[in-house]
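Here is the structure we will look at.
Bear in mind that the values here come from a model prediction, so they are computed numbers and not experimental data.
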Amino acid sequence: MDLSRFLMPNPAGRLRWPPGADWLHWLLCPTPQAVGFALRNTAASLIALAIALWMELDSPQWAVATVWSVAQVRRGESMSKARWRIVGTLVGAVAAVVFIGAFPQQSWLFFPAVATWIGLCSFLATFCLNFRSYAFVLSGYTCSIIAVAAASEPDNVFFIAMSRASYIVLGVVCEAAMAVLFTFNLATRAQATMVGQVENVLHQLGSLLREIVLHERDTLVHAGEFSDMLVSVHQGLEFPAIEMGRQVHAGDHARAVLAEVSILVTRLVGLSGGTERAMLADDVALADTRGQLLHLCDRLVTCRLEAGLLDDLYEQVTHLRALFERRATRGAHEMARVTHGVLAATMEELQTALDHAHAIFSPPPHDRFRFHLGGHRDIRLALYNGLRGAAAIMLAAFVYECTAWPGGMGFIAITTLVCGLFATRENPVVATTRFLSGAVWSAVAAGCLSLWLIPYLSDYEELAFVLGIFLFVGGLAKCNRGTAGAAAAYGLLMPNLLMTGNQSRVDESAFLNNALHTVLAVGLSVLVFRLVLPFRARAERLRFGAHMRGELRRLCLVPLPPSPQWWIGTGVDRIGRMVRHAAQAGDHTAGGGIRLMLMFSSVGLNILLLRGLKRQRRDAATDIITTLLRGLVRYRPISPRGVALVRVARRRLARLEKADPGNARLLEVLACLDGIARTATACLSAMEAGVE
């Protein structure tokens with residue numbers, strides 16, 4: 001095809017899309033990666049359909065839908081999703097057999113049982129990441145699909161369950177086999193991907209560190225965006241790690257890099273402001289420190305994870321750590337000594353991060369390193385997800401019972417499928433709206449095939465050619481971010497609407513009824529997510545803030561405190577969610593809430609570090625710390641009385657440090673107290689100003 005007539009030259013002599021046609025670039029000018037993905041999965045779909053027809057399965061179209069459901073652009077994502085899809089399908093099939101056997105011909109016991117199962121699966125899925133969550137929701141809607149299909153013939157529920165499991169496994173195997181043929185140097189490319197992700201984290205760290213050193217106004221907002229990027233990288237690390245193999249621990253080292261970087265940034269957030277006061281003392285050493293840090297920022301922004309370059313960067317960080325430790329013990333002013341002590345600790349964390357970064361591409365011998373970064377687990381969100389899923393199924397069952405609609409059971413099954421797919425999304429309204437548009441397009445495409453094209457085809461080869469064109473277009477759409485949500489619905493629902501068989505074809509009335517209940521089911525799901533316990537970003541910010549203030553109080557005296565890595569991982573996860581949801585809603589007032597969450601994380605980190613210092617030895621400083629922590633449990637860290645208690649403890653410790661200047665332990669304690677007092681005061685000022 002000559003595409004030049006669709007394009008217009010710009011003044012620089014380059015081709016550009018005409019106004020209004022930008023949205024078609026994924027179809028008219030796809031990337032090579034998109035073409036390869038679409039070709040690979042179209043071929044896998046047609047092979048799966050041919051085998052399903054040859055095996056005379058009752059619903060061969062589900063084998064095609066499975067291929068597109070499992071297919072992901074990254075091979076690691078496909079492998080993970082395929083594995084958990086099989087697990088979820090088997091669990092759901094067993095649950096369907098149990099419910100049909102327990103409630104035969106008892107609709108108002110059967111439907112509440114299925115709704116409860118869907119709600120339970122959605123509740124549990126909220127606490128899992130990536131495709132482990134998918135396994136839970138899949139077991140929920142698979143149970144519903146099998147049970148609904150077997151409701152009219154309960155004696156055949158076992159055979160229906162085995163049939164569904166068969167074409168699910170068939171679709172997974174065909175997709176995996178085709179992916180193996182199209183994949184080359186998988187482990188090498190996965191390592192390059194992981195190295196690139198970690199390099200990007202270090203580059204962004206350099207930019208953020210420069211802002212902190214220069215005391216720029218929007219530092220905390222950019223730190224929130226940095227947290228969102230860390231969450232995204234952390235969730236995506238699982239897939240290149242799968243591609244590299246279980247015996248390689250590069251993914252664990254990469255997660256350790258993220259943990260150390262997160263702690264480093266949170267420490268510096270707590271330090272922000274302290275260096276400004278130290279600079280007022282006209283400390284020449286601190287001015288030189290600022291210059292050294294800015295030079296380090298330049299190195300981080302351009303660093304590459306290569307043996308020689310990384311070694312040079314590591315040597316610079318080691319030199320800075322030793323320099324800051326010397327200045328912490330010999331500084332002329334107390335604030336300068338405290339500031340250099342904190343900077344020395346951050347350089348130690350950066351050293352550890354660079355060690356783990358080096359282990360990604362050059363693992364040590366007999367490497368058995370394991371690392372898990374904590375994340376937020378929201379019980380209220382899980383409860384809401386479960387209630388929404390159960391409410392949707394009960395509403396669909398009520399419609400079916402009241403209307404006796406012939407397509408009502410299919411209506412219930414599709415409602416269950418959509419609610420299961422999107423119940424665990426943080427903001428399901430956006431995703432389901434795109435899914436609804438994809439459902440409409442799938443009905444249009446299936447209508448063209450079923451009513452106009454398939455009746456004139458006489459053998460499978462002709463069907464494969466025509467169907468392949470429609471599937472190929474769906475594959476291209478799935479590789480484009482703007483159309484990926486609609487393409488997910490297209491690949492899942494369009495084959496189901498065709499209802500292909502060996503000795504049958506769909507007539508007009510059957511197709512229209514099937515398309516109607518499919519689109520209405522997706523529309524009902526959209527309404528449920530909008531009306532039943534709808535998501536509100538502002539309410540989430542308030543809930544997170546209240547929850548973290550309570551956690552800060554518990555951190556002071558809980559018998560087994562969490563590790564700093566767990567605390568920071570949980571805080572980063574929360575902040576990342578707030579940043580994403582504010583961006584989705586276009587909420588420009590969320591910056592204050594994001595700043596508060598960062599400051600809460602900094603206070604919590606300093607409390608945990610303080611407790612770690614307390615456990616080191618028993619002396620006068622230990623007694624002061626113990627008294628302070630007990631007072632903070634009573635009066636709360638983020639309160640005027642709590643800030644006053646911290647300042648009293650700091651004055652007592654400052655007298656001890658004055659008697660023993662340069663004591664490293666006392667400097668660390670003073671740094672923690674400074675971080676708590678300074679950050680808690682800023683939090684109180686923000687809350688008095690009405691920041692949410």
Side-chain angles (χ1 to χ4, degrees), residues 201-230 257-279 286-301 313 316-317 320-321 323-325 327-328 335-354 564-565 567-569 571-572 575 594-610 667-668 670-683:
V201 169
L202 294 178
H203 295 167
Q204 298 299 324
L205 172 64
S207 300
L208 182 61
L209 182 58
R210 172 179 288 277
E211 292 184 10
I212 293 174
V213 172
L214 297 177
H215 311 296
E216 295 188 4
R217 290 185 56 189
D218 295 332
T219 297
L220 289 179
V221 174
H222 294 159
E225 296 170 354
F226 183 75
S227 298
D228 181 36
M229 185 201 67
L230 290 182
V257 172
L258 301 185
E260 296 297 333
V261 166
S262 302
I263 293 176
L264 186 155
V265 170
T266 308
R267 271 186 187 268
L268 293 178
V269 166
L271 182 66
S272 181
T275 53
E276 289 181 283
R277 290 204 299 273
M279 286 296 293
L286 196 58
D288 178 68
T289 294
R290 175 176 290 189
Q292 298 272 9
L293 289 174
L294 290 176
H295 182 255
L296 175 63
C297 294
D298 294 336
R299 293 289 300 275
L300 285 172
V301 168
L313 179 60
Q316 181 180 3
V317 174
L320 289 179
R321 178 186 173 185
L323 177 65
F324 296 157
E325 286 175 346
R327 290 178 176 175
M335 182 57 67
R337 291 197 299 270
V338 171
T339 299
H340 282 112
V342 175
L343 292 175
T346 59
M347 291 302 103
E348 181 181 2
E349 285 152 3
L350 186 54
Q351 275 184 302
T352 306
L354 294 178
Q565 288 83 0
W567 170 256
I568 293 302
V572 165
I575 294 166
I594 294 168
R595 293 187 190 96
L596 272 179
M597 293 293 289
L598 279 165
M599 290 188 285
F600 290 160
S601 293
S602 178
V603 172
L605 176 63
N606 282 298
I607 290 174
L608 291 174
L609 294 175
L610 201 61
L667 288 174
E668 289 183 50
L670 286 172
C672 292
L673 295 180
D674 281 344
I676 294 172
R678 189 181 305 116
T679 312
T681 302
C683 289

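Checked by atom type and distance alone, the side chain of T346 pairs as donor or acceptor with a backbone atom of L343 at under 3.5 Å.
Every residue meeting the side-chain contact (heavy atoms from CB on, under 4.5 Å) condition with Q292, not counting sequence neighbours, appears here in chain and number order: D288, L320, L323. The side chain to side chain donor-acceptor pair (under 3.5 Å) check on T681 picks up R647, with sequence neighbours excluded. Partners of S601 by side chain to side chain donor-acceptor pair (under 3.5 Å), not counting sequence neighbours: none found. When the side-chain contact (heavy atoms from CB on, under 4.5 Å) test is applied to S227, the partners found at least two apart in sequence or on another chain are V572, I575, L598. Residues that satisfy the side chain to side chain donor-acceptor pair (under 3.5 Å) test with R210, not counting sequence neighbours, are D298. Remark: H295 pairs with R299, Q316 by the side-chain contact (heavy atoms from CB on, under 4.5 Å) rule, at least two apart or across chains. Residues satisfying the side chain to side chain donor-acceptor pair (under 3.5 Å) criterion with E349, sequence neighbours excluded, are R267. Taking E668 as the reference, L613 meet the side-chain contact (heavy atoms from CB on, under 4.5 Å) condition, with sequence neighbours excluded.
Closest non-hydrogen pair, V201 versus F226, comes out as O-CE1, 3.8 Å.
Counting only residues at least two apart or in different chains, salt bridge (Lys or Arg N to Asp or Glu O under 4.0 Å) contacts with residues 597-607 are absent. Applying the salt bridge (Lys or Arg N to Asp or Glu O under 4.0 Å) test to pairs two or more places apart or on separate chains, those with a residue in residues 339-348 are R321-E348.
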